[in-house]
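Both backbone and side-chain heavy atoms feed into the values below; hydrogens, waters and symmetry mates do not.
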Amino acid sequence: IVIIGDAINKEVLKKAKIKNAKTVVCFTGKDIVNLEIAVCIAQEKYKTPSLYLHLENRENYELLRNKIFAGMNIKSFCLYDSAAQTLFTRYPLGVNVNTFLPGKVVKVALVGFDKVGESVLYRLLNLGHFYNQEPIEITVFDDDIKFKEQEFLKSYPINNALCGDYWNIRFEDEHIFYQQSKLPYTQIIFCSTDSQKSFQDAMRMMKSHTSEISKENIESYLYTDVHHSISSLIDDNDVEFKSLHTFGDFKELCTYDVIVNESLDEMAQKSNYRYNELHNYNKEGKDMQTLWREVDSFVKDSNRMQVEHLPIKLQIVNKFLEKPVKQGEYENIKKEAMEKWFKFGGEMIWDKMKYTKEIAEHIPLEVLDTLARVEHNRWNAFHILNGWKKLEIPKDATEKIKKDTSTKEHPCLVKWDELDTVSKNHKHDYKSDDVETVMRIGDMLKAADKKEAYIQDFREKISKLK
């Protein structure tokens with residue numbers, strides 16, 4: 001049944017029998033309209049079990065915490081975020097760069113800066129933290145770059161004092177990209193929502209720089225939107241388009257499974273559930289879906305970025321598992337770890353997690369320490385991008401200085417070596433938390449149903465050590 005009308009009109013909602021609906025999806029092209037529909041449904045006290053809103057702007061997620069939506073199962077989604085999410089899940093960032101070596105830098109060109117480009121850039125800034133700790137270099141190109149740069153900076157404070165340690169980013173007019181005789185990038189992403197333009201630009205680049213792309217191992221990606229047939233023309237041709245891949249297939253992303261079942265968040269949901277289990281936070285024994293439904297958009301996004309960064313960490317872990325060299329006995333290694341990362345307190349829960357014995361015995365502590373530093377950099381970047389700032393701890397402080405969610409200030413938003421000051425104040429060694437995240441790699445992947453190559457590679461290597 002198709003009903004044409006204004007979705008904020010009560011009579012139209014009654015005609016559509018909203019009160020009997022199991023699921024309602026608000027999918028207009030404007031956030032404000034989708035929110036208005038949601039408010040209208042909430043005011044009428046319809047017993048709608050699940051309400052899904054398409055919200056393009058991340059800052060609008062906070063509006064869903066209003067008390068008017070209390071008791072409703074209301075969720076936000078964004079197809080542009082889903083496109084970026086699938087891009088880096090299937091094609092891990094920096095996979096064609098040996099970031100184990102000092103001086104090797106991941107250099108990304110992002111061509112086209114519409115809503116897709118914003119979502120891709122947000123993930124680049126979140127995920128671009130590598131073992132050698134070289135800041136990712138990103139150049140954003142668009143034919144209206146000044147305006148779009150200003151709009152992006154309104155939402156994301158990427159010029160925070162710490163940001164220079166994490167990324168170097170430039171915004172350039174699009175014509176500069178096409179004037180280059182050489183491509184000084186490791187990855188190129190065509191993100192324009194004008195699919196015809198992106199397709200033409202990608203084809204021209206492949207034609208003009210065929211030899212260079214092959215010789216320099218440059219990987220390129222093209223946003224295809226609704227043009228599924230174009231995706232198959234490119235992805236099914238491993239000869240001419242070996243280094244060009246597509247992402248953002250509308251038919252794949254705009255499905256019940258992705259929007260309602262949140263299939264793209266399966267690993268994040270499992271990670272969140274497992275974390276609560278490991279730390280005994282799930283006192284009421286809630287199931288995985290209930291726990292996920294109860295956390296806010298910030299915590300959900302935090303879990304997403306943590307699991308989406310796994311491929312980058314696994315590049316290093318798998319390297320050491322390729323030709324494993326035993327570093328010592330597990331119990332002795334745990335004692336060394338306690339002395340190194342638990343000086344100010346904290347609980348070691350390694351024995352509760354999967355594969356920690358195999359990881360600890362075959363990856364040197366100094367490598368785990370570096371991976372923990374990278375994880376802390378990633379955590380810092382995520383908080384900075386979401387508007388958080390450093391909360392200073394006075395030198396003479398005798399009481400615990402806690403984070404303030406209302407002002408978005410956090411004492412742990414410091415460099416790795418400065419964590420000791422916070423740890424001493426809190427009587428909890430926060431370095432141990434970052435190490436725990438690294439050691440949870442096996443635990444997180446144990447629950448993963450995905451078949452990405454990096455997951456299968458880890459499972460094959462770790463199984464040989466058991």
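Judged by distance alone, with hydrogens and angles left aside, the side-chain atoms of Asn66 form a donor-acceptor pair with the main-chain N or O of Ile68 at under 3.5 Å.
Classification of Lys313 and Glu375 as a salt-bridged pair holds, one side-chain N sitting under 4.0 Å from a carboxylate O. A salt bridge links Lys461 and Asp457; the closest N-O separation between the charged side-chain nitrogens and carboxylate oxygens is under 4.0 Å. Between Lys148 and Asp142, at least one side-chain N (NZ, or NE/NH1/NH2) sits under 4.0 Å from a carboxylate O, which counts as a salt bridge. Under a 4.0 Å N-O distance rule, the pair Glu151/Lys154 qualifies as a salt bridge. Here Asp296 pairs with Arg65 in a salt bridge; the nearest charged N to carboxylate O distance falls below 4.0 Å. For the pair Lys146 and Asp173, the salt-bridge criterion is not met [side-chain N within less than 4.0 Å of a carboxylate O]. The pair Arg373-Asp417 meets the salt-bridge criterion, since a charged nitrogen lies less than 4.0 angstrom from a carboxylate oxygen. A salt bridge is absent between Asp429 and Lys424: the closest approach of a Lys/Arg side-chain nitrogen to an acidic carboxylate oxygen does not fall below 4.0 angstrom. A salt bridge does not link Lys104 to Glu134: none of the charged nitrogens lies less than 4.0 Å from a carboxylate oxygen. Ionic pairing of Lys75 and Glu262 is present here: one or more N-O contacts between side-chain nitrogen and carboxylate oxygen are shorter than 4.0 angstrom. In summary, Glu308 and Arg123 engage in a salt bridge, as defined by a charged side-chain N under 4.0 Å from a carboxylate O.
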Quiz prompt | Thr139 and Lys107: CA distance, side-chain angles, deciding distance, side-chain contact (heavy atoms from CB on, under 4.5 Å) verdict | solution = CA-CA 8 Å; Thr139 308; Lys107 302 178 181 181; over 6 Å; no

Exercise. Decide ring-ring contact (aromatic ring centres under 6.0 Å, His included) for Phe382 and Phe298; before the verdict, give the C-alpha distance in whole Å, the side-chain angles of both, and the deciding distance to 0.1 Å.
Key: CA-CA 10 Å; Phe382 174 76; Phe298 175 80; 5.1 Å; yes

Practice problem: Quick one: do Asn60 and Leu63 satisfy side-chain contact (heavy atoms from CB on, under 4.5 Å)? Show the steps, please. | Solution: CA-CA 6 Å; Asn60 288 336; Leu63 297 174; 4.0 Å; yes

Self-check item: side-chain hydrogen bond (donor to acceptor under 3.5 Å, both in side chains) assessment of Asp31 paired with Tyr61
Solution: CA-CA 10 Å; Asp31 286 10; Tyr61 294 174; over 6 Å; no

Exercise. Take Glu174 and Val111, measure what side-chain contact (heavy atoms from CB on, under 4.5 Å) needs, and give me the verdict at the end.
Key: CA-CA 7 Å; Glu174 193 167 321; Val111 186; 4.1 Å; yes

Self-check item: Chi angles and distances behind the side-chain contact (heavy atoms from CB on, under 4.5 Å) call for Phe171, Phe141
Solution: CA-CA 6 Å; Phe171 295 87; Phe141 297 96; over 6 Å; no

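Judged purely by distance below 3.5 Å, without hydrogens or angles, the side chains of Glu219 and Thr186 never pair a donor atom with an acceptor atom. When only modelled atom types and interatomic distance are considered, Asp194 and Ser192 share no side-chain donor-acceptor pair under 3.5 Å. Asp420 and Ser423 are not linked by any side-chain donor-acceptor pair at a separation below 3.5 angstrom, with hydrogens and angles left out of the test. Side-chain atoms of Ser50 and Asn73 include a donor-acceptor pair closer than 3.5 Å. In summary, the side chains of Tyr330 and Asp351 do present a donor paired with an acceptor at a separation below 3.5 Å, with no hydrogens or angles considered.
Checked against the 6.0 Å centroid criterion, the rings of Phe344 and His428 do not qualify as a close aromatic pair. Residues Tyr223 and Phe247 place their aromatic rings such that the two centres sit under 6.0 Å apart. Aromatic ring centres of Tyr166 and His129 lie closer together than 6.0 Å. Taking the six-membered ring for Trp and the full ring otherwise, His309 and Trp379 have centroids separated by 6.0 Å or more. Aromatic rings of Tyr52 and Phe77 (six-membered ring for Trp) have centroids beyond the 6.0 Å cut-off, not under it. Here Phe113 and Phe152 bring their ring centres to under 6.0 angstrom of each other.
Across all non-hydrogen atoms, the minimal contact from Tyr156 to Leu385 is CD2-O, 3.3 Å.
Results of the side-chain hydrogen bond (donor to acceptor under 3.5 Å, both in side chains) test with Arg304 over Asn126, Asp265, Asp81, Asn272 single out Asp265 as the only residue that passes. Considering Lys357, Arg274, Lys270 as possible partners of Asp443, the one that fulfils the salt bridge (Lys or Arg N to Asp or Glu O under 4.0 Å) test is Arg274.
Counting only heavy atoms from C-beta outward, the side chains of Lys30 and Glu56 never approach each other to under 4.5 Å. Using a 4.5 Å heavy-atom cutoff, the side chains of Phe342 and Val435 are not in contact.
Note that Arg440 lies outside the cation-pi zone of Tyr275, set by a 6.0 Å cut-off to the ring centre and a 45° limit from the axis.
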